[in-house]
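Inspection log for the structure reproduced underneath, given as structure tokens.
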Amino acid sequence: MRKRLAVLACAGAIAATTALTALAPVPAAAQAQRATATGITAHFDLARGQTPENIALEPDGTAVVTFAAARQVATVSPQGTIRVLATLPAPADGGVHTPLLGFALTAGIVRDHDGTLYFLYATGTADLTGLWQLTSGGTPRRIAALPADSLPNGLALDEHRGTLYIADSALGKIYSVPTSGGTPTTWSDAHELSPSGFLGVNGLKIHQGALWATNLDRGTVLRIPFGPAGRPGTAEVRAADLTGIDDFAFTGRGDEILAALDGPNKIVRIGCDGSSSTVLTGADGLQNPTSVAVRGGVAYIPSAAYSTATDPNLLVSSVSVPSRP
């Protein structure tokens, strides 16, 4: 019954969103965005470690990405111009002790309303692993330390609560930490977050009174409601059998999701009932997609080429791309 009610609520939200969209005037810029065909905005340099892991968007459509293997944060303009904002210090051992990966990982990134960037760095060392901050015109600094044996990966920002949520893919936990920095607290260590061989909890998003998460090993999408004082409720599996699921984004139509399946090299649409359908593949230019950002009916999709080892890129596509059989 609970699942049926969730599906009905989601269907109602989609209908309401569609109706409001139809009534609202559409600016010329938004009309152009809705007409966007699938195409690659920028190609990155694999030899320089430009493997884009996560993405945030600026108001003008500029993408801010983390280059996982280059220890960098960079912007990609709508015209495809790449500019490195920061390069993080290398660990003394070169990153060989980074849990599960063996290289220093620059991962999840979010942007607040004033342009401050928060992002995650995992090195296997206590002096560098944690949550980092970059203000406009400033230099990156660590504002919260995480354990050396952790693998901070996905990141979500709740500006209303002044809180950031961090997915630890190695230890199977979600931490919370104030946006001002400080000591992280374990927000949830539910079994559903744990790995089962490689990486556990991965992508994070806040949506409709809950923290949503993916688990790569288990191939699941989870919804964890916020309870009293922001504490976590019971984790609920909302979608399953999603091999290689990484990060994701809500499309703006209720609980509908676009998710990156890294190894399978796909973008899938996940409906309110948990069903999934493929919308983009390697034939569209994907090279191991890692994350998704959505704005104005357009999806921005970084591909890191982890296993294809060919053409890491940033692909842009209309959210309304039809599913494939």
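For the pair Pro195 and Arg218, the tightest heavy-atom approach, listed with the atom from each and the gap, is O-NH2, 3.7 Å. Taking each heavy atom of Ile301 and Pro289 in turn, the nearest pair found is CG2-CB, 3.8 Å. Between Val84 and Ala74, the closest heavy-atom pair is CA-CB, 3.9 Å. Of all the heavy atoms in Asp217 and Gly200, the pair that sits closest is OD2-N, 4.4 Å. Heavy atoms only, all atoms of each residue included: Ala107 and Asn153 are closest at CB-O, 3.5 Å. Across all non-hydrogen atoms, the minimal contact from Val319 to Arg253 is CG1-NH2, 3.5 Å.
Summarising the geometry, atom CZ belonging to Phe198 is positioned 7.5 Å from atom CG belonging to Leu216; distances are rounded to the nearest 0.5 Å. In this structure, OG1 on Thr75 lies 9.5 Å from CG on Asp60, to the nearest 0.5 angstrom. A distance of 9.5 Å separates CG of Leu128 from CZ of Arg71, quoted to the nearest 0.5 Å. A distance of 7.5 Å separates CZ in Arg141 from OG1 in Thr135, rounded to the nearest 0.5 Å. Here OG1 of Thr125 is found 12.0 Å from CG of Asp149. Values are rounded to the nearest 0.5 Å. Atom OG of Ser291 sits about 4.5 Å away from atom CG of Asn54, to the nearest 0.5 Å.
At most 12 non-hydrogen atoms from other residues, nucleotides or ligands lie less than 6.0 angstrom from CZ of Arg48. Within a 6.0 Å radius of CG in Asp241, no more than 12 heavy atoms belonging to other residues, nucleotides or ligands are found.
With hydrogens and angles left out, the side-chain atoms of His43 and Asn313 include no donor and acceptor closer than 3.5 Å. Counting only N and O atoms by type, the side chains of Thr38 and Ser317 include a donor and acceptor under 3.5 Å apart.
Between the side chain of Thr98 and the main chain of Thr123, a donor-acceptor pair closer than 3.5 Å is present. Side-chain atoms of His207 come within 3.5 Å of backbone N or O of Gly254 as a donor-acceptor pair. A donor-acceptor pair under 3.5 Å links the side-chain atoms of Thr310 to the main chain of Thr308, judged by distance alone. For Thr185 (side chain) and Trp187 (main-chain N/O), no donor-acceptor pair under 3.5 Å exists by modelled atom type. Under a 3.5 Å cut-off, the side chain of Thr81 and the backbone N or O of Gln79 do not form any donor-acceptor pair. Between the side chain of Arg111 and the main chain of Glu58, no donor-acceptor pair closer than 3.5 Å is present. Proximity of a side-chain donor or acceptor of Ser150 to a complementary backbone N or O of Pro147 within less than 3.5 Å is detected. Side-chain atoms of Asn288 come within 3.5 Å of backbone N or O of Tyr306 as a donor-acceptor pair. Under the 3.5 Å distance criterion, the side-chain polar atoms of Thr214 are matched with a main-chain donor or acceptor of Gly203. No donor-acceptor distance shorter than 3.5 angstrom exists from the side chain of Thr62 to the backbone of Ser77, with no hydrogens or angles considered.
Cluster annotation: Leu171 is connected to Leu120 through the hydrophobic network of ILVMFWY side chains, with a link wherever side-chain heavy atoms come within less than 4.5 Å. Both Phe119 and Leu85 sit in one connected hydrophobic cluster of ILVMFWY residues. Membership requires side-chain heavy atoms under 4.5 Å apart, directly or through other members. Cluster membership for Leu315 and Leu258, using ILVMFWY side-chain heavy atoms within less than 4.5 angstrom, is shared. Hydrophobic clustering of Ile, Leu, Val, Met, Phe, Trp and Tyr side chains at less than 4.5 Å, counting indirect connections, keeps Leu57 apart from Leu157. Under the 4.5 Å side-chain heavy-atom criterion for grouping Ile, Leu, Val, Met, Phe, Trp and Tyr, Leu146 is connected to Leu131 within one hydrophobic cluster.
Of the residues listed (Leu155, Ile109, Ile166, Leu134), the one engaging Tyr118 in a side chain to side chain contact (heavy atoms under 4.5 Å, CB included) is Leu155, and it is the only one. Each of Tyr165, Phe248, Phe226, Phe250 was checked for a ring-ring contact (aromatic ring centres under 6.0 Å, His included) with Trp212, and the lone residue meeting it is Phe250. Results of the salt bridge (charged side-chain N to carboxylate O under 4.0 Å, His left out) test with Asp255 over Lys205, Arg269, Arg223, Arg238 single out Arg238 as the only residue that passes. Of the options Leu164, Ile206, Leu211, a side chain to side chain contact (heavy atoms under 4.5 Å, CB included) to Asp158 is made by Ile206 and by none of the others.
For the pair Leu204 and Ile174, the minimum side-chain heavy-atom distance is below 4.5 Å. No side-chain heavy atom of Val65 sits under 4.5 Å from any side-chain heavy atom of Val73. Counting heavy atoms from C-beta on, the side chains of Leu117 and Val110 never come closer than 4.5 Å. Ile224 has its side chain within reach of Leu193: a pair of non-hydrogen atoms, C-beta onward, lies under 4.5 Å apart. Counting only heavy atoms from C-beta outward, the side chains of Leu314 and Ile40 never approach each other to under 4.5 Å. Within the 4.5 Å cutoff, the side chain of Lys266 has no heavy atoms near those of the Val279 side chain. With contacts defined as side-chain heavy-atom distances shorter than 4.5 Å, the pair Leu261/Asp246 does not qualify. At a threshold of 4.5 Å between non-hydrogen side-chain atoms, the residues Leu151 and Leu101 count as touching.
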Please walk me through it: do Gln72 and Thr87 pass side chain to side chain donor-acceptor pair (under 3.5 Å)? CA-CA 4 Å; Gln72 291 178 332; Thr87 300; 3.1 Å; yes
Is there a side-chain contact (heavy atoms from CB on, under 4.5 Å) between Thr183 and Val177 once you walk through the steps? CA-CA 7 Å; Thr183 302; Val177 64; over 6 Å; no
Pair Ile245, Thr220 - check side-chain contact (heavy atoms from CB on, under 4.5 Å), show working. CA-CA 7 Å; Ile245 191 166; Thr220 52; over 6 Å; no
Thr251 vs Ile257, test: side-chain contact (heavy atoms from CB on, under 4.5 Å). Steps then yes/no. CA-CA 6 Å; Thr251 66; Ile257 286 170; 6.0 Å; no
Which is it for Trp132 and Leu88 under the side-chain contact (heavy atoms from CB on, under 4.5 Å) test, yes or no, and what are the steps along the way? CA-CA 9 Å; Trp132 290 64; Leu88 299 183; 3.9 Å; yes
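Using a 30° and 60° split on the angle between ring planes, Phe67 and Phe44 fall in the perpendicular class, above 60°.
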